[in-house]
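Below: one structure, written as structure tokens.
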Amino acid sequence: MDKRKRGWIIAIDGPSGAGKSTIAKRLARRLNYLYIDTGAMYRAIGLKALRANPKLDDQAQIVSIACNSQIELKDTPEGCGVFLDGEEVTQTIRAERVSQAASIVSGIPEVRRVLVQAQQQMGANGAVVLEGRDIGTKVFPDAELKIFLDASERTRAQRRYEENLRKGVMLTLEETVAEINERDGRDSQRADSPLVQADDAVYLDTSGKTIDEVLQEILRLVEKLEKDEVRSADEM
Ligand code: DC
């Protein structure tokens, strides 16, 4: 590990519904690391763009929004709070319309450039778990640990369906499948930084596994990193 850093950089990428947020949050808490939800940043820009122009058909305007917005991720008593130009938008950005808007604005290269730069600054000191689609490939290609979390289409849709029910969003399971397929299709096919597994990422399928089981698997990988570092220090 670079001596200037306080801890590892851990990248967690994967499609929606794979369990990234739950796992990344728990992992960060367990390691006492900073947790950065990069999707929340695209969601905040998506929300502001929707408010300015619901059709989202003015790219120049969306880029200007990305360049002129202040997004903060802060610890609050309720968890990780998201603030857009000082306004708390933690819940608002979870709406279905905002999910699709986030996916659309994230396909604009200039928007990505602005947010990736901010994410690199936020994580530069290490001791951080970042969650997203391009963390291991683009934001921190030198991250010490990269995980690609995946799950079967059915599992991902079922999780999202239950999450929607808890939020009072009334979508059928079929509609939920269509919604996540649309978003994942767009996220995987865009030209700039599509959702792909980094060559050196560890692939973990979370279907049929409990949160704890997945967390334990990742903690074993972190332990291995620590052992490898001690061993290479001893050899010097
Ligand atoms: O992780 P999420 O569902 O909150 O992300 C919302 C959208 O943002 C997702 O559809 C794709 C985009 N995104 C991205 O392009 N790159 C990231 N690092 C994180 C999210």
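Counting starts at 1 for both ligands and their atoms, following the listed order.
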Requested in this report: Output, in order, the C-alpha distance, side-chain angles, deciding distance and verdict of salt bridge (Lys or Arg N to Asp or Glu O under 4.0 Å) for Asp134 and Arg112.
Outcome: CA-CA 10 Å; Asp134 60 342; Arg112 302 201 69 81; 2.8 Å; yes

Would you say the side-chain atoms of [X] pair up with the backbone N or O of [Y], donor to acceptor, closer than 3.5 Å?
X: Thr176; Y: Ala157; value: no
X: Asp187; Y: Leu195; value: no
X: Asp75; Y: Cys80; value: no

Hey, are [Y] and [X] close enough side-chain-wise for a donor-acceptor pair under 3.5 Å?
X: Glu131; Y: Tyr35; result: yes
X: Ser207; Y: Asp205; result: yes
X: Ser193; Y: Arg133; result: no

Report task. Give yes if a backbone or side-chain nitrogen or oxygen of Arg183 is under 3.5 Å from a nitrogen or oxygen of ligand 1, and no if not. Result ->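 Such a contact does occur with ligand 1.
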
Taking [atom] as the reference point, the nearest protein heavy atom with its distance:
atom: atom 19 (C) of ligand 1; result: Thr38 OG1, 3.4 Å
atom: atom 16 (N) of ligand 1; result: Arg112 NH2, 3.1 Å
atom: atom 8 (O) of ligand 1; result: Tyr42 CB, 3.5 Å
atom: atom 18 (N) of ligand 1; result: Asp134 OD1, 2.8 Å
atom: atom 11 (C) of ligand 1; result: Asp187 OD2, 3.3 Å
atom: atom 1 (O) of ligand 1; result: Arg133 NH1, 2.8 Å
atom: atom 4 (O) of ligand 1; result: Arg43 NE, 2.6 Å

Number the atoms of ligand 1 from 1 as they appear, then name those within less than 4.0 Å of a heavy atom of [X], with their elements.
X: Ser106; result: 11 (C), 12 (C), 15 (O)
X: Ser103; result: 10 (O)
X: Ala102; result: 6 (C), 7 (C)

Query - Minimal non-hydrogen separation, Leu130 against Gln119, with atom names - result: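 That closest heavy-atom pairing would be CD2-O, 4.3 Å.
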
**Report entry** Contact check, Arg190 vs ligand 1, heavy-atom distance below 4.0 Å
**Finding:**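 Checking ligand 1 against Arg190, which is what was asked, there is a heavy-atom contact under 4.0 Å.
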
